[in-house]
Each structure stands twice: as C-alpha cells, then as structure tokens.
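Quick notes on the structure that follows.
Letters go in sequence order (proteins before strands), and every chain restarts at 1.
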2 protein chains.
Amino acid sequence: MKRPHSTSPRARAPKLATVAKAAGVSIGLASRVINDDPTVSVRPETRRRVLATAERLQYVPQASAQALRQRRTKVIGLAVHDLASTLVVKLLEGAREEAVARGYLLLLTDADELAFTPESRRLYLGGARIDGLILQDGHASMGDAIDEIGAVLPTVVFNTPGRTLSPGVLVDESLAGRLAAKHLIELGHREIGFIGGVQGTHTNDARLDGARRAMAEAGLASSLHVVDGDWTAPGGFHALNQLVGERPEVTGVVTVNVSTGTGAIAAALDSSVSVPQMLSVVAIQDAWTADFTVPRMSTVVLPLRELGQEAVRLLIRYIDGEDVEESHVVAQQPYLHPRESAAPPRLARARREHPVSPG
Amino acid sequence: MKRPHSTSPRARAPKLATVAKAAGVSIGLASRVINDDPTVSVRPETRRRVLATAERLQYVPQASAQALRQRRTKVIGLAVHDLASTLVVKLLEGAREEAVARGYLLLLTDADELAFTPESRRLYLGGARIDGLILQDGHASMGDAIDEIGAVLPTVVFNTPGRTLSPGVLVDESLAGRLAAKHLIELGHREIGFIGGVQGTHTNDARLDGARRAMAEAGLASSLHVVDGDWTAPGGFHALNQLVGERPEVTGVVTVNVSTGTGAIAAALDSSVSVPQMLSVVAIQDAWTADFTVPRMSTVVLPLRELGQEAVRLLIRYIDGEDVEESHVVAQQPYLHPRESAAPPRLARARREHPVSPG
DNA sequence: TTGAAAGCGGTACCAT
DNA sequence: ATGGTACCGCTTTCAA
C-alpha cells in the first residue's frame, strides 16, 4: 500500500507562525486579524495581507492548541441509547446540523455505557474533551448518573423533564398521545387499546396521559385499555396478542412508537385480525418504515429534528453561561399523518362476540 | 435553572502539577509513573504513592494538552452517508466498540457534506482534530474527494476496493449475492430477478456478480433478470412492479438490500402477488425490520459489525505507521438467514402464463 | 498600529 | 531514582 503520510512524514500543516512570518507581521497580530478581534484596529492593507497569506497557505488553527489556551473544545458530546432507533437518528441529524452551523462538532457515545462504565465515562467526560453533553434519558435507573454528570459538565437532557439538575428539551409527547387517540375516536372507535413502552419513563407516561385525556374529553374515560410493551417490535407483537385475547371489544390501538406498531400490525395479521378492517392501529412517532408496513401505518409525527436542533442551541447557551430555562418544549408541534392502518370500525369483532353497552 | 457550573466557576479539574505536588514528586516523574513509562525505574513505594494520589484526586489528563504535545488526538473520524441506514448503524456500533476498546473516540460526520462542503471539510479535517478517518464510499462522484482526503490524512475506506489511494475494508459482497441466488435456486426457482441499487457502485456490482455466478453454476446464466433500484424502499417498490410486469416468468427475486426488499414485498402484496406463494424474495443484508415484514423476510446476513471493527483496527495500524494491505476482506462470512419470504415455487405464475422449457 | 512574552497542561529529554 | 525544563501552537495581556 502506498502510504502518502508515513513515507514523507506528512507535510506539517502551516502554523500561525508560518503565516505571520510570510505576511511580515507578528504572531499576535496575525492571530487577532484572523480571529477578527474587534478591539484591535489594523491597517486595512495589513489585514488584507494577513488574510490573503492565511488563505494561500490553507491555514487552519490547530484545535488542541486553541482548546488548551481557551479552555474550550467546540465539541459537544451526544450520548444516546440506541443508534438503530429512528427517533435517535432524526434527533442526531438535527443536532449535527445545528452544531455544525455553529462551529461545533459532535462526539458520539452510548448513553448506557456512559452511565454504567466508569472507565468509559472517564475517557469521554474527563480530560476536557467536550464542552457539554446532550444526554438521552431512558431507563429510570439513569437518574443518579445523570445528576453526577450534570454536576460536572454542562448537560442538556432530552426525554425527561424536571427530574434532573440539568435543563431539558422536550417535544409535546402528551399532545402526540392525544392526537393519536383522538384520531381513532373521530373514526368512530369506542374501545381503544394503548400499547406502551416502559412505565415510569416520561415518554411513555406522557404519551399515555395524552391518550387518556382524549378519551376523557370524549366521555370514554374508562374505555382505554393499557398493555405494557418494551418499545420494541417483538414487544408490540406480544402485547397485541395479549390485548386481542383479553379485550376482544377493542377495535383501535394506539402504540407508543413505530417499532411497537410494526410488531402489533404483524401480530394482527398473524392472527388473521385484518388491519384496518377489524383493528385500527395508530403509532406515535414516525419513520420511513411506516410506509412499508402492510397496510401502511398511520402515525403521529414528532418534531425530532427540531428537538435535536433545540438541544444544541440550549446547550450552547448553557455553556456560554447564559441563563436557560429548566425545560424547553420545542415550538413545532406533533401532527397526525394518516395512512391506511386506521379506518372506521367496519367489522367490529367486539359487537359480534361481546355486546357492549352503548356510550 | 440552577447552574452547577457557571455560578461557582466549575471546580477546575486537578492537573498533573496538583497530583505531583500532593504526592511529593516532580511533575515529570508523576507523568512517567502515570503513563507507565517502561524506561524509568521508580521506587515501588513512590509509584504507589503517585498512583494513589492520582486516583484520590480523580486525575484525568487533559486531552488537548496531550494532543498538542504528542500530535495525537486519539480521535477517529467516521463519515457515513446515511445514518438511518441499518448498514451504517451496525457498522457504527462495531467501530465504536473497537475504538473505545483501544482508547479512541469517534467523531461522526456526514460523508456527503465532507465531500462537497469545503467549509465543513476544513472544520472537520483541518486543525488536527482527528488522527485518521473512516470513510464510506458511495456515490461514484466521491472519488476525487476521497483521494484528496486520503492524501492528507490516514484514511480507510469501506465499500470500495482499489479505487483510491487509501486502504479499504470489505465484506464478501459477492458471496452474499451468491448465497441469496443459490437459496432461490435450491428452492427450485429457475427464472430469477435481481433488484439492484445503483449500478457502478462496488456494493451493487459485487452483489450482482455473485448472483450471476450462482446462476451460471446452476446452468441458468441467462435466467437472471436485472432491474435497477436506488437502495431505497420506494425504489424497490417501483422496481418490483416493473419486474412483475415485464418478466411474468420470474418466481423469485433477490434484492440488493433490506430496504429494497421491504419495498418489493409491499409492492407484491399491493398487486395481489402473494409472497412466497407466487413470488419468493431474498434480501441481501439483514436488519431487525426483516422480522416484521409480512411474511418475514429471508435475508443474507453480512458481518457489518466486524467490518466496523476491522476498519478501526486497520486505521489504527495505518496511523501507527505500520504497513497495511491495500484492501482487507473481513474474515467472517455472510450467511443465509431464511425466514418466510422464500419458498419453493408453488403457484408458479410463470408456468401458467408462459410455459418454460424444463431445466 | 503593532510586537513581545506569558501562559494553557502535558511529555520527554537531559541532568543529577 | 528523581528533578528541571524546553517545547507543542495558540490567545491575550501589556508595552511600545
């Protein structure tokens, strides 16, 4: 293998001193010109000359030297639980976009590893590698870890409001749950199932709460039937089977996320419960996979990209020492994306098997 | 919001000097003890004392200072095209795992942005932030960018062998294509479709080549019918419709990846072509979503995690100035994961409509 | 309007 | 077996 670098020890990148000498100015002046220091008045001609040489030499300041001097790395840490999750992917895209736009880079890691492996925590959080951290909450058991980290590094948490020292960013999960349930209600469903994620997590509980509220508003407070899942498709598969067995009167189901919805639809078809004829399914959260279930999955779209962007903005303000609110709900709201998995209850299994009292 | 950091300017982390003084030794000695410098013989008692104080003070060396001095950041860049892709996710997991195990961190970025946005390229590659780069090739048009980058920074490319200055890591794509086609052949299919990604990319062409080879080995060289896709589910959807229309004799289809397969299965059901009764589908590459198509998708599993690990190992050796081979195929091989989307041709549409000469 | 020089926190060489 | 010290490349006061 040809090795462009090691053979001739990679042509060292030009340093500030190189530029300064070439431009015929002192190092300090070069630095101030390049950084646009407003407190310094340079002769236009000098400024031009410095800038031109910097450009010509392709000068890029060395990050570690800057960081050492300024105590600022311009790197933000991002710790998430599951990269394969579509939620995380969307969020990550938004975060990266916003970070880059502001001159920050993203250092990625696994939230669980961060929480539970001290060694990895040191490597990642120690050594002043990052200026701040965006952390995905999840398991309730992370609470302590989050607080410890938040005490030591500017941290923004998403998915969990108020439980930590650190400011949080949120989408309106409750509204999302409400929209999903309301959709089913408006289609004419009366007995509705909710397949959840893990109880006790904010995401699950807020989505469920929204669904409950929609039911209550429609005078159906006691007709929401909750089954726990685990956020995954297998979990949704299992939960739907359980629900269908225990609650034959249910004609519509809200699932806490797309994976769960995918599992639920697969389970329904598996037991010859046709979707949406016999059972309607609406998932909270959206993903490209929703377009490729059969039938295509109706969802509530969450502003996850915006969540990522907002997390970065908030964190940067926090790093800069500004005052930040304790928790920030992104302005953009969830909205319904109807596809084909939810429809009016046509073949109500329920009515045939278990007559239900009206209203 | 309470601000643990800005109020009392975050208790500065202890530096080496702090540890050295507390342990009653010189800075230099402390450094050498902590770094296990083998060329130095310290009194056991002294070593113990230094290590103990470092531990007690929770000392972590400051990354930027080390990097400045050693010209080494212990950070590896990873540039990928599409984070939402399951391929990338697996690879990323493998890479992260291996990197962390070797004391490296991963800095993530978007390959297209890297290739086409000079500004972002400077931010990311300039300033000596990373020691090396793992780059996902993709669009053929990246060629130049890859070479430019490879000339300036130790780079490992995956997905494209031989086309660049930089060493590459690969999985045996050709074998994967062969396994998929062979599976269909062994099930009894004779007229087989191949729904591709983008022609001219190594991934697509190698997988197709493998499928061709399997056909040829079975004496079916002219019975492989290729339709182009674009790696996506919508692309697969469209391609399957086209294939079914133009080639009614086809009873089995290999798709270049899971997304394409998902689209293909959806399209089949959509046109009342039952899977696997009337049409079998085998996708190359695996993902959790394959468990939740209806029917569940038969796939060829690729060793992507290992690919990520191998990329990191190779890159580190490259960075360390060792000689590395031009391209490295990971040892672990693709294997078939049969599920339910491929079966013997039972209701051969073909035979009814276009009688085919036997074998 | 510009230059000189003191660090930022480590590492590694040269003394002792 | 240990200490002293010259850098790494940059920012930022202080002087001129």
Side-chain angles (χ1 to χ4, degrees), chain A residues 9-51 53-54 57-75 103 122 126-129 131, chain B residues 9-51 53-54 57-74 103 126-129 131:
Chain A
R10 188 203 323 186
R12 264 270 231 332
K15 40 190 219 172
L16 191 53
T18 322
V19 176
K21 181 146 47 154
V25 298
S26 74
I27 293 184
L29 187 56
S31 168
R32 285 173 303 179
V33 166
I34 287 172
N35 295 329
D36 244 346
D37 181 341
T39 74
V40 155
S41 51
V42 217
R43 225 183 326 157
E45 148 63 11
T46 314
R47 136 168 285 119
R48 218 195 35 66
R49 191 156 28 93
V50 172
L51 258 21
T53 13
L57 265 34
Q58 300 255 55
Y59 171 72
V60 181
Q62 190 160 312
S64 41
Q66 280 183 316
L68 179 57
R69 178 65 227 228
Q70 307 187 137
R71 294 147 181 284
R72 275 280 193 122
T73 60
K74 289 273 196 173
V75 175
R122 284 206 174 183
R129 278 175 193 280
D131 295 337
Chain B
R10 189 200 325 180
R12 268 259 235 341
K15 39 190 220 174
L16 190 52
T18 321
V19 176
K21 179 144 50 151
V25 297
S26 74
I27 291 185
L29 186 56
S31 170
R32 286 173 299 177
V33 167
I34 288 172
N35 294 329
D36 245 345
D37 180 341
T39 74
V40 153
S41 51
V42 220
R43 222 183 328 157
E45 148 62 12
T46 314
R47 137 170 283 118
R48 218 196 34 68
R49 192 156 28 94
V50 172
L51 258 20
T53 15
L57 265 33
Q58 300 256 53
Y59 171 73
V60 182
Q62 190 158 312
S64 42
Q66 281 182 315
L68 179 57
R69 178 67 230 229
Q70 309 187 140
R71 294 147 185 284
R72 273 267 191 141
T73 60
K74 289 275 200 171
R129 279 174 191 280
D131 295 336

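Following rounding to the nearest Å, B:Ile27 (CD1) and D:dT2 (P) show an atom-to-atom distance of 16 Å. One interatomic measurement links the two molecules: CG of B:Leu68 to C1' of C:dA12, which rounds to 14 Å at whole-angstrom precision. As a whole-Å value, the separation of A:Gln70 CD from D:dT13 C1' is 15 Å. Rounded to whole angstrom, the span from the NZ atom of A:Lys74 across to the P atom of D:dC10 amounts to 17 Å. For the pair A:Arg47 CZ and C:dT2 P, the computed distance is 10 Å after rounding to whole Å. One can place CG of B:Leu29 at 13 Å from C1' of C:dT11, the figure rounded to the nearest angstrom. Summarising the geometry, the separation between CD on A:Glu45 and C1' on C:dT2 is reported as 14 Å, rounded to the nearest angstrom. Whole-Å rounding puts the A:Ile34 CD1 to D:dT12 P distance at 14 Å.
Within residues 59-67 of chain A, the residues having any heavy atom closer than 4.0 Å to DNA chain D are, in order of number, A:Tyr59, A:Pro61, A:Gln62, A:Ala65, A:Gln66.
When side chains are defined from C-beta on, B:Leu29 counts as touching B:Val42, because their heavy atoms get closer than 4.5 Å. A heavy-atom distance below 4.5 Å is found between the side chains of A:Ile34 and A:Leu16.
Annotation: the span from A:Lys74 atom NZ to B:Arg129 atom CZ amounts to 9.0 Å, rounded to 0.5 Å. The structure places CG of A:Leu68 at 12.5 Å from CZ of B:Arg69, a figure rounded to the nearest 0.5 Å. In this structure, OG1 in B:Thr18 is found 8.5 Å from CD1 in B:Ile27, a value given to the nearest 0.5 Å.
Counting any heavy atom pair closer than 4.0 Å across all strands shown, A:Arg69 reaches a base atom. A:Asp37 comes within 4.0 angstrom of nothing in the nucleic acid, heavy atoms only. Within the 4.0 angstrom heavy-atom criterion, base atoms lie near B:Leu16.
The two residues B:Ala67 and A:Ser64 have their closest heavy-atom pair at CB-CB, 3.7 Å. Here the closest heavy-atom approach between residue A:Ala30 and residue A:Ala20 is recorded as CB-CB, 4.0 Å. Nearest heavy-atom pair, A:Val60 versus B:Gly126, reported as atom, atom and distance to 0.1 Å: CG1-C, 3.9 Å.
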Hey, what are the protein-to-nucleotides 14-16 of chain C N/O distances that come in under 3.5 Å?
none

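Between A:Ser31 and the phosphate of D:dT11, there is a side-chain N or O to OP1/OP2 separation shorter than 4.0 Å. Side-chain N/O atoms of A:Ser26 include none lying less than 4.0 angstrom from OP1 or OP2 on C:dT2.
A donor-acceptor pair shorter than 3.5 Å cannot be found between the side chains of A:Arg72 and A:Gln66.
For A:Val40, the side-chain atoms get nearest to C:dT2 when compared with the rest of C:dT11, C:dT2, D:dT2. Checking C:dG10, D:dC8, D:dT2 against the side-chain heavy atoms of B:Val42 singles out D:dT2 as nearest.
Mapping B:Arg71 and B:Arg49 onto DNA chain D by nearest heavy atom places B:Arg49 at the nucleotide closer to the 5' end.
Among residue pairs with one or both ends in residues 13-39 of chain A, those qualifying as salt bridge (charged side-chain N to carboxylate O under 4.0 Å, His left out) are A:Asp36-A:Arg47; sequence neighbours excluded.
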